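Heavy atoms only: backbone and side chains are in, while hydrogens, waters and symmetry mates are out. All figures in this text were calculated on a predicted structure; none of them were measured in a lab. In the text below, chain A, chain B and the rest are named by the order of the sequence lines, each starting its count at 1.
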Amino acid sequence: MSLTIDERSQLRDAARRFLDHSSTSEVVRGHLIDPVGFDEGVWSQMADLGWLGIHLPEPYGSGATIGDLEVILIEMGRRLAQSPILGSTVLGASTVAMSDNAALRDELLNALAVGTSRAAVASASRTGSYDVRDISVSAESAGSLVRLNGVAGFVPDAHVANVLFVGALDSHGEPIFIVVDADSDGVTITPIPTVDATRRLFEVRFDSVESATSRMVCEPGTASALLLDHVNRLGAFAVCCDALGVAEEMLQRTAQYASDRTQFGRAIGSFQAVKHHCANMAVSVAASRASVDATCPVFGDPDADPARAVAVLKSYVSQACSQVCGIAIQVHGGIGFTWENDAHLYFKRAKLDEMLFGSPRWHRRRLAESIFTKDAFTR
Amino acid sequence: VVILELSERLRRNGIEAMINDSATSLIDGATTFGEDMTARELLAERYAEVLVLRDLVNSEIAAIIRGTSVGAQSSVIKLFYSELLQRLMRDAVSLEGIAGQVQSPLLEVAGWETGNWMSDYINSWGWTISGGSNEIMRNMIGEQLLGLPREPKAQGA
């Protein structure tokens with residue numbers, strides 16, 4: 001069951017209060033160069049706040065939908081919050097929640113919901129494709145064992161995960177989705193140095209890594225392909241929420257700056273050249289907000305078409321929000337181009353959001369496949 | 001309510017018509033545009049924007065019903081709609097190439113998405129100018145929604 005409008009608004013206020021003091025610019029900058037990239041204390045507090053299980057079915061979580069995580073994800077974007085919530089909560093816990101492997105649910109769902117266990121999902125190819133057919137990990141069966149070889153790319157938060165959910169292709173080219181302990185022999189996790197250092201991505205290598213067929217998330221073949229696609233869509237939705245928070249904050253700070261900063265004896269925001277930049281940002285933010293809000297319920301609606309909805313979302317929102325951050329730098333002028341100003345942190349984060357889980361162009365190509373079919377639209 | 005209708009028309013008579021035509025209409029007199037990767041991506045981008053427009057209109061209607069609508073929000077929709085309409089018609093004309101520049105009888109219907117793309121493109125300026133030009137809309141958004149200071153009156157005005 002989804003949260004009511006009032007409950008969502010309470011959640012947003014609580015999230016904002018928490019992040020305002022736990023994720024200040026100083027805190028964020030302090031974690032930019034440390035290898036972990038976030039504060040374990042803040043993670044525990046997020047667990048205490050119930051954020052890690054909000055989207056999980058009762059009794060593990062509050063029984064809300066993934067859409068209700070939207071509220072928290074937007075606020076986290078607004079404060080550039082650093083935590084493994086994307087890898088472990090959005091992707092990992094959701095994967096378990098959708099698994100039909102009861103033993104796996106018993107083993108992991110509660111631990112992920114309370115934050116004592118952390119997961120990461122390896123669903124992208126080494127080169128960053130989110131097409132299941134491009135997966136660059138192979139699986140070979142040996143009795144009740146599955147042996148994995150290959151490399152997965154751009155895995156969020158793998159460095160602090162104790163379990164990995166791995167997409168692989170078997171000897172027939174059929175996808176499987178399987179759990180591997182992160183400390184298994186043959187697993188190597190290497191950081192990918194991204195321009196945005198507020199979040200962490202990893203290359204995960206598998207050298208004859210063994211797992212058991214009993215640890216498959218779902219049946220090999222179509223079921224695994226569908227679940228991998230779905231998890232990638234959740235990732236795309238999550239980074240669009242993040243990008244929206246990032247863009248809303250940049251809009252607010254830029255409007256404030258344009259009101260405060262004077263030039264030629266006037267606030268620069270009174271000049272139409274500047275005012276119109278700000279208005280364009282506001283239009284992009286309003287449209288992005290409407291699109292994100294409209295996409296939330298899709299995940300809980302059996303009649304909805306999440307593939308098309310998420311392709312539309314990622315095509316528009318992720319690009320519009322990074323453009324908003326670009327205009328923010330321009331309006332801030334020289335100060336916006338300095339290390340001390342936060343604008344570059346927001347811009348880099350928005351740009352990572354734009355590309356992670358499929359670039360806008362990649363999603364448009366997928367969208368084109370669904371709309372350029374004969375009689376896609378009957379009139 | 002008017003904008004809701006316009007938004008739905010832009011979907012049905014605009015982008016969906018263009019996509020439906022894609023199997024038969026030619027780009028630059030040669031390839032059909034349903035087969036052209038660049039054209040497909042372009043139209044998918046516009047299609048996404050048309051659906052976002054619908055979300056934007058729906059969210060405004062919901063806000064009006066709840067009584068939480070802010071006046072300048074309608075300027076946001078007007079701006080987004082008219083510029084999207086213009087982009088859409090521009091792209092349609094661009095895909096037609098020289099064939100789209102041949103005179104054809106105008107349809108006797110009131111509409112902005114007649115399928116005569118060049119004519120629709122020309123008419124799109126009616127939307128970016130009328131009802132308060134988009135520049136005026138940007139001033140209103142800047143001042144009313146974002147609280148930016150007004151432009152000072154000129155000396156002697």
For [X], is it the side chain, the backbone, both, or neither that has a heavy atom closer than 4.5 Å to a heavy atom of chain A?
X: E135(B); value: both
X: L79(B); value: side chain
X: M137(B); value: neither

- Measure the CD1-CZ distance between I327(A) and F347(A) for me, rounded to the nearest 0.5 Å.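 I327(A) CD1 to F347(A) CZ: 11.0 Å, rounded to 0.5 Å.
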
Shorter than 4.5 Å, heavy atoms on both sides: which option in [options] has the most such pairs with chain A?
options: V57(B), V76(B), L53(B); result: V76(B)
options: G142(B), S75(B), A44(B); result: A44(B)
options: P149(B), S59(B), A72(B); result: P149(B)

- Query: Got a sec: does the CZ of R150(B) have more than 12 other heavy atoms crowding it under 6.0 Å?
  - Reply: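 No - once you tally the heavy atoms of other residues, nucleotides and ligands closer than 6.0 Å, there are 12 at most.
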
Taking every heavy-atom pair that is under 4.5 Å apart, which of [options] has the most such pairs with chain B?
options: A279(A), S270(A), G269(A); result: S270(A)
options: S284(A), A258(A), A287(A); result: A287(A)
options: N280(A), L313(A), D293(A), V274(A); result: N280(A)
options: Q252(A), Q319(A), R266(A); result: R266(A)

Presence of salt bridge, [Y] and [X], under 4.0 angstrom:
X: E83(B); Y: R138(B); value: yes
X: R365(A); Y: E369(A); value: no
X: E45(B); Y: R361(A); value: no

- Query: So, does R364(A) use its side chain to make a donor-acceptor pair with the main chain of S315(A) at under 3.5 Å?
  - Reply: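 Yes.
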
- Message: Against the six-membered ring of F357(A), is R233(A) placed for a cation-pi contact (under 6.0 Å from the centre, within 45° of the normal)?
- Response: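 Here R233(A) fails the 6.0 Å and 45° test against F357(A).
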
